[in-house]
*Asks:* 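After the structure tokens below, expect a handful of questions from me.
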Amino acid sequence: MSPNTPSADKPYDHLQIETKWIDAWSADPALYRALDDGSKPRYYVLEMFPYPSGRLHMGHVRNYSIGDTLSRYLWMRGFDVLHPIGWDAFGMPAENAAIKNKMHPRDWTLSNIAAMRQQLVRMGFSYDWAREVTTCLPDYYKWNQWFFLKMYERGLAYRRMGKVNWCPDCATVLANEQVEEGRCWRCSSVVEKRELEQWSLKITHYADELLAETYTSLEKGWPERVLTMQRNWIGKSDGAVVDFTYAVTGEKIRIFTTRIDTIYGATCLILAPEHPLVARLLTGDAYTPVQAMIGEVNKQQEPGVEVDKQGLFTDHYAVNPFNGEQVPIWVGNFVLLGYGTGAIMAVPAHDERDFEFCRKYAIPVRPVIRPVDGPLAAEPGMKAAFGEYGVVENSGAWSGLASAEARKQMAAHAEAHGFGNAATTFRIQDWGVSRQRYWGTPIPMIHCRAKCGTVPVPYEQLPVELPYNVEFTGKGRSPLANIPEFVNVACPRCGAPAERETDTMDTFVDSSWYFFRYTDPQNPALPFDPAKAQPWFPINQYIGGVTHAILHLIYSRFWTKVIRDIGMTTSNEPVTNLFTQGMVQLGGKAMSKSRGNVVDPDDMVRKYGADTCRLFALFAAPPERDMEWSEASVQGQYRFLSRVYRFVTRNAAKARALEGTSGAADRQALRKLHQTLQKITADFDNRWHFNTSIAALMELMNTLEKHEAGLTGAAAAEVLEKLCLMLHPFAPFISQEIWCVELGREGQLIRQPWPEANADLAREEGAEVPIQVNGKLRAKMVVPFGTAKEELERLAQAEEKIKPWIEGKQIVKIVCVPDKLVNIVVKG
RNA sequence: GCGGAUGUGGCGAAAUUGGCAGACGCGCCAGACUUAGGAUCUGGUUCCCGCAAGGGAGUGGGGGUUCAAGUCCCUUCGUCCGCACCA
């Protein structure tokens, strides 16, 4: 057969190809294993590990396709890549399944994991399965308990009363994310707030550092959106605390304000209904309305609806330390106990909320700040509060100062006289980790009623294992509380009868440090060996959904700082670069079971193959944007892969023969090949717009098919080889098949070096220069690169299509950008 | 209300540094091959006028800077997502 005669092409049989390579790759466990020996530069690619619901969904496919494409590219670029996966395996769905189907959470979870592991393997993702981590197994959650004890020792884990989301129907606490629009996600009951004693982790200890790093080490590598959300969540607020004095007993009532400069305008104090002082100011029948108010506040309000401000006068007064004035003490439903000191001074003239409250209850409004360029507001008659900075008036010695200056001086004055000081508060609260749940990490604490109180479980007794035999009713206390063998223990300190803590940990604990465990997943003595972890930290690239922008990503940052402070890492932050991919939608809405608009990846893989699915997940939109699922468009990707496969099979013999004299077709093909290589390499290195990378591969195929007849051996060989290499990160199966079967090469593509683009071959023969007249495109011409300005201007004016546009007109000026454009500006 | 994102053909999108708007794909139209086509291949496809050559308009709306604006500035509208009495 002559090398230039196309041979018959082979149809693309995705099923045969993909099953064959899954078997081959599964038989080679070292294939995706990091060398971890320092012989090559390291790169840690981490994707958010999945909750094992039992089925992979399209969001996973997209997330993991991005990570896998990147990992394969990095391998080919010579990095030692750590690319692990695991299972975020504790959580409520397992318990709900247990209640519903009478299946044990452990069995349910482990069988889900087995199913999903198969699905991930089927997708061709390059995970190092030897590092698989499963958080619901004792060899993992033992270390949650270990960290908990370490935190307890350092005062970072403690017990306190705290407000929790309480579902009255399920009779249990719900995590914040399990409350949907004020209702229980499982039974749709309206969720209440309830005070419960629970274990908390002192994330506020790191609040300042967590905030500061968003402006420094994270600023370059994290999306601005995520940083903004975290800053808002942390909610640092600079102000001052001031002690008012309760007129009867002389005790202090501490308030927090950011506007101490307005304190001469304070016309009352307002306490949160749960403020401890309230129960002493109002006793007996007088307290009843407060209880009602607390009840109201604790009912979850409908989102988006502003609750009416309610107040109660206590009939008591407090003294303003700045001017000695007595102001009435009120109770207000809008004052939050959990923020600041749980008490505020109301300055109605300069705070919108205070204004609304005081007008409602006819409390005086006294303006003390005037705009820099205007007079003090007239009262009576004020229609709204003036909340901005200005100039202080009617404020004794501070009158005339600018607000900013007054804030400093007045805080200093308060401190000097012992009734206050400058102070900072945070919106972020300590992390309540107790859950009245079975399927989580047991909190390793024992309550000794005899004398020792709360005693930590000794390290050598870890893990505190979850008992297997347990009954699930979905009602009442934690299921663990009903198991005497679990609850009843001897106090580790005095040996007296004692009870185990029956709460389990929030599942966000599990995901707060799993990425450390990947570096040393089987360590029996420690969560991980610092010497093994440190070379991989901080993580080069983390990829996941923006839904975790706050909770998981703040908890992980917190946990890393704790790990640092106990001397197990030198990294301040876990993640250098964060990438948040967009959601997969159908019909403009996020795919979800309740909407009934899910597309099952399994069906798609069966029909079109994993390569096609991966390609579509990357092609439909840039990775950071939401994408719309479209099966018609999926078929387009399948067509593309078919074209690639048939093109290769038609031309493989020719390429192997290496015959023929290179001609114009070869030059065209090689030019496009190297242009594509430049384009794709740039996409990887700069911005991960894989949709344009794949479009470039399609363009390449269009060009190759156009010049197929004239393509000769040597050029064909180069084209097929490099096409195959470039395709591999996106479509690993078909590229590996072509490499071995059609091109007769050996070895795994992931181990091949990424090809270098040849800039000389990529260069066009000449520059196509558009010619504009008054900014409008009128003609184009092809000139040699580097043609001088004068020559370009001459050629442009000589163009036949240009002449009619400039004839008889005055040329005002000619803008000429060599190799780019000529614009002739004419008048008349 | 505050903060953020986003707005380009019938659809998903591209245009990376102010320099040819719509690459690539889907869909659609026409044709080829075919017993057949929901396979494959070829050509066309922003809108308006025109048989065509060609011309005009055009990146949510309005205004501006510039030889030149999807891109920069001002203003306005729509959509989506966070947060939402945080003193």
Side-chain angles (χ1 to χ4, degrees), chain A residues 9 11 223-229 231-233 235-237 239 255-259 262 270 301 303-309 332-336 338-347 350-354 356-357 387 425-429 546-547 549-550 582-583 585 588 590 615-616 619-622 624-637 639-640 642-643 646 679 682-683 686-687 689 691-702 705 768-780 801 812-817 819-826:
Chain A
D9 50 7
E224 189 55 39
R225 181 163 60 133
V226 173
L227 294 178
T228 304
M229 283 165 80
R231 286 168 195 151
N232 292 340
W233 185 263
K236 183 175 179 170
S237 180
I255 61 103
F256 174 78
T257 177
T258 54
R259 293 297 303 275
T262 65
I270 311 175
Q301 65 251 38
V305 180
E306 186 123 324
V307 176
D308 274 344
K309 289 186 174 49
N333 64 342
F334 68 101
V335 178
L336 308 172
Y339 183 78
T341 61
I344 63 165
M345 63 171 189
V347 184
H350 303 294
D351 182 284
E352 216 180 293
R353 297 153 302 179
D354 298 348
E356 189 191 329
F357 184 85
T425 61
F426 291 90
R427 206 183 84 108
I428 192 171
Q429 308 255 324
V546 76
T547 38
I550 297 179
M583 286 185 310
Q585 307 182 326
L615 221 48
F616 176 73
F619 178 77
E624 72 277 9
R625 287 244 291 264
D626 288 349
M627 64 173 266
E628 179 72 18
W629 186 266
S630 152
E631 189 167 338
S633 195
V634 172
Q635 290 173 5
Q637 301 308 308
R639 271 199 286 274
F640 167 65
S642 302
R643 277 172 61 206
R646 291 197 312 267
K679 161 78 183 149
D683 278 341
N686 300 334
R687 55 171 204 172
H689 276 201
N691 54 330
T692 61
S693 308
I694 294 166
L697 286 168
M698 290 171 167
E699 281 189 64
L700 173 61
M701 281 310 300
N702 292 343
E705 285 174 343
E768 192 189 45
V769 176
I771 307 168
Q772 298 178 338
V773 178
N774 285 348
K776 290 199 180 184
L777 179 71
R778 296 301 177 190
K780 294 176 185 180
K801 284 185 177 169
V812 180
K813 108 194 232 190
I814 300 179
V815 180
C816 185
V817 184
D819 298 344
K820 282 277 186 190
L821 157 137
V822 178
N823 185 12
I824 304 168
V825 185
V826 298

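Chain naming here is simple, since letters A, B, ... match the order of the sequence lines and numbering starts at 1 in each.
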*Asks:* Scan Gly340(A) against the nucleic acid and name what it touches under 4.0 Å (heavy atoms): base, sugar-phosphate only, or nothing.
*Replies:*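 Counting heavy atoms under 4.0 Å across all strands, no contact is made by Gly340(A).
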*Asks:* For Phe256(A), what residues pass the ring pair (Phe, Tyr, Trp, His ring centres under 6.0 Å) criterion, not counting sequence neighbours?
*Replies:* none
*Asks:* How long is the line joining CD of Glu699(A) and P of A14(B), in whole Å?
*Replies:* 14 Å
*Asks:* Can you tell which of C85(B), G55(B), A14(B) lies closest to the side chain of Phe334(A)?
*Replies:* C85(B)
*Asks:* Taking G22(B) as the reference, what is the distance to G55(B) when you measure between their P atoms (whole Å, please)?
*Replies:* 16 Å
*Asks:* Could you check which nucleotide pairs with A84(B) in any of the strands shown, counting Watson-Crick or G-U wobble with both distances under 3.5 Å?
*Replies:*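 The answer is none; no pair meets the criterion.
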*Asks:* Counting side-chain heavy atoms from C-beta on, which of A13(B), C67(B), C20(B) comes nearest to Pro622(A)?
*Replies:*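 That would be A13(B).
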*Asks:* Which whole-number value in Å describes the distance from Leu777(A) CG to U46(B) P?
*Replies:*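 Rounding to the nearest Å, CG of Leu777(A) and P of U46(B) are 16 Å apart.
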*Asks:* What integer number of Å spans the P atoms of C29(B) and U17(B)?
*Replies:* 39 Å
*Asks:* By nearest atom, which of the nucleotides C24(B), C85(B), U16(B) is closest to the Asp683(A) side chain?
*Replies:* U16(B)
*Asks:* Considering every strand and a 4.0 Å limit on heavy-atom distances, what is the contact class for Glu768(A): base, sugar-phosphate, or nothing?
*Replies:* base
*Asks:* Under 4.0 Å between any heavy atoms, over every strand shown, what does Lys776(A) touch: base, sugar-phosphate, or nothing? Just pick one.
*Replies:*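 Sugar-phosphate contact only.
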*Asks:* Taking any heavy-atom pair under 4.0 Å as a contact, classify Arg778(A): base, sugar-phosphate, or nothing.
*Replies:* sugar-phosphate
*Asks:* Taking CD1 from Ile550(A) and C1' from C83(B), how many angstroms apart are they, rounded to a whole number?
*Replies:*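 Rounded to whole Å, this separation is 8 Å.
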*Asks:* Could you work out which one of U40(B), C20(B), A68(B) sits closest to the side chain of Asn823(A)?
*Replies:* A68(B)
*Asks:* With C1' as the reference atom in both, quote the distance from G9(B) to U45(B) in angstrom, rounded to an integer.
*Replies:*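 Straight-line distance between the two C1' atoms is 10 Å.
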*Asks:* So Lys679(A), base contact, sugar-phosphate only, or nothing? Heavy-atom distance under 4.0 Å.
*Replies:* base
*Asks:* Quick check for you: among C67(B), C24(B), A13(B), whose closest atom lies nearest to any side-chain atom of Ala621(A)?
*Replies:*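 The closest nucleotide is A13(B).
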*Asks:* Within a radius of less than 6.0 Å around CZ of Arg778(A), do more than 12 heavy atoms belonging to other residues, nucleotides or ligands occur?
*Replies:*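 For Arg778(A), atom CZ is crowded (more than 12 foreign heavy atoms under 6.0 Å).
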*Asks:* Please determine if Lys309(A) forms a cation-pi arrangement with Phe357(A), meaning its NZ or CZ atom is less than 6.0 Å from the six-membered ring centre and no more than 45° off the ring axis.
*Replies:* no
*Asks:* How far, in whole Å, is G60(B) from G7(B) if one measures between their C1' atoms?
*Replies:* 6 Å
*Asks:* Mapping Ser633(A) and Met229(A) to their closest nucleotides on RNA chain B, which lands nearer the 5' end?
*Replies:* Ser633(A)
*Asks:* Which is true for Glu628(A) with a 4.0 Å heavy-atom rule: it touches a base, it touches only sugar-phosphate, or it touches nothing?
*Replies:*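 Touches nothing.
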*Asks:* Over how many whole Å does the gap from Asp626(A) atom CG to C80(B) atom C1' extend?
*Replies:*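 My rounded result for the distance is 8 Å.
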*Asks:* Using 0.5 Å steps for rounding, measure from the CE atom of Met701(A) to the CZ atom of Arg639(A).
*Replies:*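 If we round to the nearest 0.5 Å, Met701(A):CE and Arg639(A):CZ are 14.5 Å apart.
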*Asks:* For G61(B), does the O4'-C1'-N9-C4 (purine) or O4'-C1'-N1-C2 (pyrimidine) torsion place it in syn, i.e. within 90° of 0, or in anti?
*Replies:* anti
*Asks:* In whole angstrom, give me the gap between the C1' atoms of C77(B) and G62(B).
*Replies:* 10 Å
*Asks:* If you assign each of Ile344(A) and Asn691(A) to its closest nucleotide in RNA chain B, which residue comes earlier from the 5' end?
*Replies:*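 Result: Asn691(A).
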*Asks:* Where the side chain of Arg625(A) is defined as all heavy atoms beyond and including C-beta, which of C26(B), A14(B), A23(B) is the nearest nucleotide?
*Replies:*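 Closest nucleotide among those given: A14(B).
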*Asks:* Which of these nucleotides, A87(B), G25(B), C83(B), is closest to any side-chain atom of Arg427(A)?
*Replies:* C83(B)
*Asks:* Take atom CD in Glu352(A); do more than 12 heavy atoms of anything else shown fall under 6.0 Å from it?
*Replies:*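 It does not: Glu352(A) CD has 12 such atoms or fewer within range.
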*Asks:* Excluding sequence neighbours, so at least two apart, what forms side-chain hydrogen bond (donor to acceptor under 3.5 Å, both in side chains) with Asp626(A)?
*Replies:*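 Asp626(A): side-chain hydrogen bond (donor to acceptor under 3.5 Å, both in side chains) contacts with Gln585(A).
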*Asks:* With both distances under 3.5 angstrom, what nucleotide forms a Watson-Crick or G-U wobble pair with U79(B)?
*Replies:* A5(B)
*Asks:* side-chain contact (heavy atoms from CB on, under 4.5 Å) with Ile814(A): which of Val825(A), Asn823(A), Val822(A)?
*Replies:* Val822(A)
*Asks:* Once you apply a heavy-atom cut-off of 4.0 Å, does Val335(A) come out as touching a base, just sugar-phosphate, or nothing?
*Replies:* base
*Asks:* Do Gln637(A) and Met698(A) come close enough that some side-chain heavy atom pair is under 4.5 Å?
*Replies:* yes
*Asks:* Tell me which nucleotide among C20(B), A15(B), G25(B) gets nearest to the side chain of Thr692(A).
*Replies:*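 That would be A15(B).
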*Asks:* Determine the contact category for Asn702(A): base if any of its heavy atoms lies under 4.0 Å from a base atom, sugar-phosphate if only primed atoms, P, OP1 or OP2 are that close, otherwise nothing.
*Replies:* sugar-phosphate
*Asks:* Let's see if you can work this out: which of G19(B), C41(B), A87(B) has an atom nearest to the side-chain heavy atoms of Arg646(A)?
*Replies:* C41(B)
*Asks:* Please give the distance between the C1' atoms of C48(B) and G43(B) as a whole number of Å.
*Replies:* 24 Å
*Asks:* Among G25(B), C24(B), C20(B), which nucleotide sits nearest the side chain of Gln772(A)?
*Replies:*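 Selected nucleotide (nearest to the side chain): C20(B).
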*Asks:* Taking atom P in both A69(B) and A21(B), what distance in whole Å separates the two?
*Replies:* 10 Å
*Asks:* With both distances under 3.5 angstrom, what nucleotide forms a Watson-Crick or G-U wobble pair with A53(B)?
*Replies:*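 Base-paired to nothing in any strand shown.
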*Asks:* Taking the P atom in each of C74(B) and A84(B), what is the distance between them to the nearest angstrom?
*Replies:*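 The answer is 30 Å between these two P atoms.
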*Asks:* For the pair made of CG in Asn333(A) and C1' in C85(B), what is the distance, rounded to whole Å?
*Replies:*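 In whole Å, C85(B) C1' lies 9 Å from Asn333(A) CG.
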